[in-house]
Amino acid sequence: MSNKAVIDKYRGNGFVSGSKYIRCPSGVERFGLQPVPVQLRQGGIWPLFNIFSNLFINPGTLITSGMMIMAGLSFQATVLLQIFSVMLGMIPFLLFARAGVRYGIPGQVLCRAVFGVRGSQWLTSVLRLLCSIYWFAFQTAAGALAIEAILRNCFQLFLPLWVISLNFALFQGVVAIVGYSWLKGVSLVSFPLKVLCFSALLVFLYQHGGEEASISVVLEWPGYHWHWPLIATWLNTIVSTCFTCVTDASDFSRYTRSEKSLWVGTLSGSLVGIIIGALFGAYAVVAGGAVSINPFETITRLQPGGLVILLIMLVIFLDNWTINVINLYTGGLSLCNSVEWLGRFWATVIVVLAASVLACFPFLINQYSEVMGSIGALFAPISGVMLVWYYYEFSRLDLAALYQKNGAYWYCKGFNVFACLLAPVGLLFSFCLPVTVLPALLIMFLTSLIYWFYARRELHGYSGEQRYLNRN
């Protein structure tokens, strides 16, 4: 079956496999695992710029910038390290995002070609689902901290953090359930509003924060410009975070019309977003004397008026809404890949409910570095294997075989066993490595090298269909 025939086959509303249809409300995105038809791939630079600038202007960026300041890094080192780490981590992401532009498929379907149909369903999809749920909970808890600070400092209103988190989490689920069109729309509105809000809050902080908020004091903050253990810890953490998105990279590009739009929109949006988020987060924490990792704690202690409080609330809602819609959207597609009969709509509903419950446990924020380090140790070998596969086979992808049992990507009972085993092996190996050697990058490199020797024999010169015929 040709690639065009596959797209035609899966063009129906809610079609997943066989002759089964998944019912979902009208107006909701219906393309789950099936390829998006070429005529619908009309997105350009601007939608991707908005999505990725919003992706990195989020509570996680603000809070981690505060954590880096509190850990002992200088203002300059914090901002530069955030930018460098994100740009480094986005390299493999962009390579696999090409699958969305070329084939219109989500990332977890692409992973079927690398790890096998079942390997994708029960390894990469499950891991990415857990990441999406954790990230949602982390971002929601970070936003809830900011809301709690406003209620406590400005209104003397004390509410349990889990109450704020739960209500905030459920509020964010609607856009993700509807799908890509609302994700694009929310991102389009959010970015300019965020820029205006952050600019106004910086002016307020500069004018009312006293001497500690002056630019000269912030730039002269007595932190390390270079301290390798600290640099390595956060570089490894942020790059690990980017690796967790590799298996879902094409989720964001399957409605994009060209690779030029993909590269320009994604890179420019990521760069602008991380610069704004890191600058604001680090500046606000330093201006507050580095007594809290929460930048909004600094502002609310200055007893702001109603307009500033409104701006803070708007930023918090927009930050969480945009980043968590992405987490829930990719999580829904991952669960849909593992349990196809659910369909994207109902899979996303389940992810929303599970993530909302986890968001009620804000202690997750304090474990961020450790959790992301462990997750990165799993996704580093996955990224390494995928990079080797990309080199040998991306241009020869058999789109039809991605949806076939006993086809070219069925491998051994649905698993590419050698590729799948490298993930737990990489995790175990990471426990032996100190953070100063950058475990995520080192494991990705070593895994790539190991799988390259394997791929030279198994993959080089053979298409998926040829390997299938050889096995049979």
Side-chain angles (χ1 to χ4, degrees), residues 53 56-83 139 141-158 161 164 190-225 230 234 272-320 362 365-366:
S53 59
F56 288 105
I57 306 175
N58 63 67
T61 301
L62 303 183
I63 292 292
T64 54
S65 297
M67 288 179 173
M68 293 160 75
I69 293 292
M70 295 283 284
L73 290 177
S74 67
F75 172 82
Q76 295 92 323
T78 296
V79 174
L80 291 175
L81 183 57
Q82 286 270 25
I83 296 171
Q139 299 286 358
L145 278 175
I147 295 174
E148 190 274 337
I150 293 174
L151 296 176
R152 172 170 40 84
N153 292 329
C154 300
F155 301 102
Q156 287 72 54
L157 182 60
F158 300 88
L161 207 53
I164 300 173
S190 294
F191 176 69
L193 286 177
K194 284 183 181 181
V195 172
L196 290 173
C197 290
F198 277 123
S199 300
L201 292 175
L202 283 173
V203 171
F204 172 81
L205 184 56
Y206 179 78
Q207 292 178 341
H208 298 84
E211 185 179 351
E212 289 183 330
S214 67
I215 296 176
S216 59
V217 170
V218 171
L219 293 177
E220 294 172 3
W221 177 256
Y224 293 107
H225 291 303
L230 278 178
W234 287 104
V272 170
I274 196 64
I275 289 175
I276 293 174
L279 280 173
F280 181 84
Y283 176 80
V285 170
V286 171
V291 297
S292 171
I293 61 174
N294 181 6
F296 296 112
E297 182 78 27
T298 301
I299 299 175
T300 55
R301 284 179 177 174
L302 300 176
Q303 297 300 311
L307 177 59
V308 174
I309 294 175
L310 179 63
L311 291 175
I312 295 174
M313 294 295 292
L314 183 58
V315 164
I316 294 169
F317 275 96
L318 290 174
D319 275 356
N320 276 268
I365 290 179
N366 297 327

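Values below: every heavy atom of this structure, side chains too, minus hydrogens, waters and symmetry copies.
Within a 6.0 Å sphere centred on CD of E211, other residues, nucleotides and ligands contribute 12 heavy atoms or fewer. Counting non-hydrogen atoms of other residues, nucleotides and ligands closer than 6.0 Å to CD1 of I215 gives a total of 12 or fewer.
Taken to the nearest 0.5 Å, the CG atom of L151 stands 6.5 Å off from the CE atom of M313. With rounding to the nearest 0.5 angstrom, the CD1 atom of I309 is 11.0 Å from the CD1 atom of I299. Between the OG atom in S74 and the CG atom in L81 there is a gap of 10.0 Å [rounded to 0.5 Å]. Taking CD from E220 and OG from S214, the interatomic distance works out to 8.0 Å, rounded to the nearest 0.5 Å. We find the CG-NZ distance between L314 and K194 to be 10.0 Å, quoted to the nearest 0.5 Å. A distance of 9.5 Å separates CG of L157 from CD of E148, quoted to the nearest 0.5 Å.
Between F204 and L311 the shortest side-chain heavy-atom distance does not fall below 4.5 Å. Residues V308 and L201 meet the side-chain proximity criterion, which asks for heavy atoms closer than 4.5 Å. No side-chain heavy atom of V285 sits less than 4.5 Å from a side-chain heavy atom of M68. F191 places a side-chain heavy atom less than 4.5 Å from the side chain of I57. Looking only at side-chain heavy atoms (C-beta outward), I150 and F296 stay at 4.5 Å or farther from each other. Here the side chains of L62 and F198 are in contact, with some heavy-atom distance below 4.5 Å.
The shortest non-hydrogen separation linking T78 to A282 is CG2-CB, 4.1 Å. Looking at every heavy atom in both residues, E212 comes nearest to G288 through OE1-C, 4.2 Å. In terms of heavy-atom proximity, Y206 sits nearest to Y283 at CD1-OH, 3.6 Å. Closest heavy-atom contact between A149 and E297: CB-OE1, 3.4 Å. Scanning both residues, M70 and A290, for their nearest heavy atoms gives SD-O, 2.8 Å. Taking every heavy atom of both residues into account, T298 and A287 meet most closely at CG2-C, 4.2 Å.
Between the side chain of Q76 and the main chain of L219, a donor-acceptor pair closer than 3.5 Å is present. A donor-acceptor contact shorter than 3.5 Å links the side chain of T61 to the backbone of F56. S53 contributes no side-chain N or O that, together with a main-chain N or O of V272, makes up a donor-acceptor pair within less than 3.5 Å.
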Quiz item: Do R152 and T300 pass the side-chain contact (heavy atoms from CB on, under 4.5 Å) test, and can you show the C-alpha distance, the side-chain angles, and the key distance before you say yes or no?
Solution: CA-CA 9 Å; R152 172 170 40 84; T300 55; over 6 Å; no
Practice problem: Take R301 and V291 through the side-chain contact (heavy atoms from CB on, under 4.5 Å) test and state the conclusion after the steps. | Solution: CA-CA 12 Å; R301 284 179 177 174; V291 297; 2.9 Å; yes
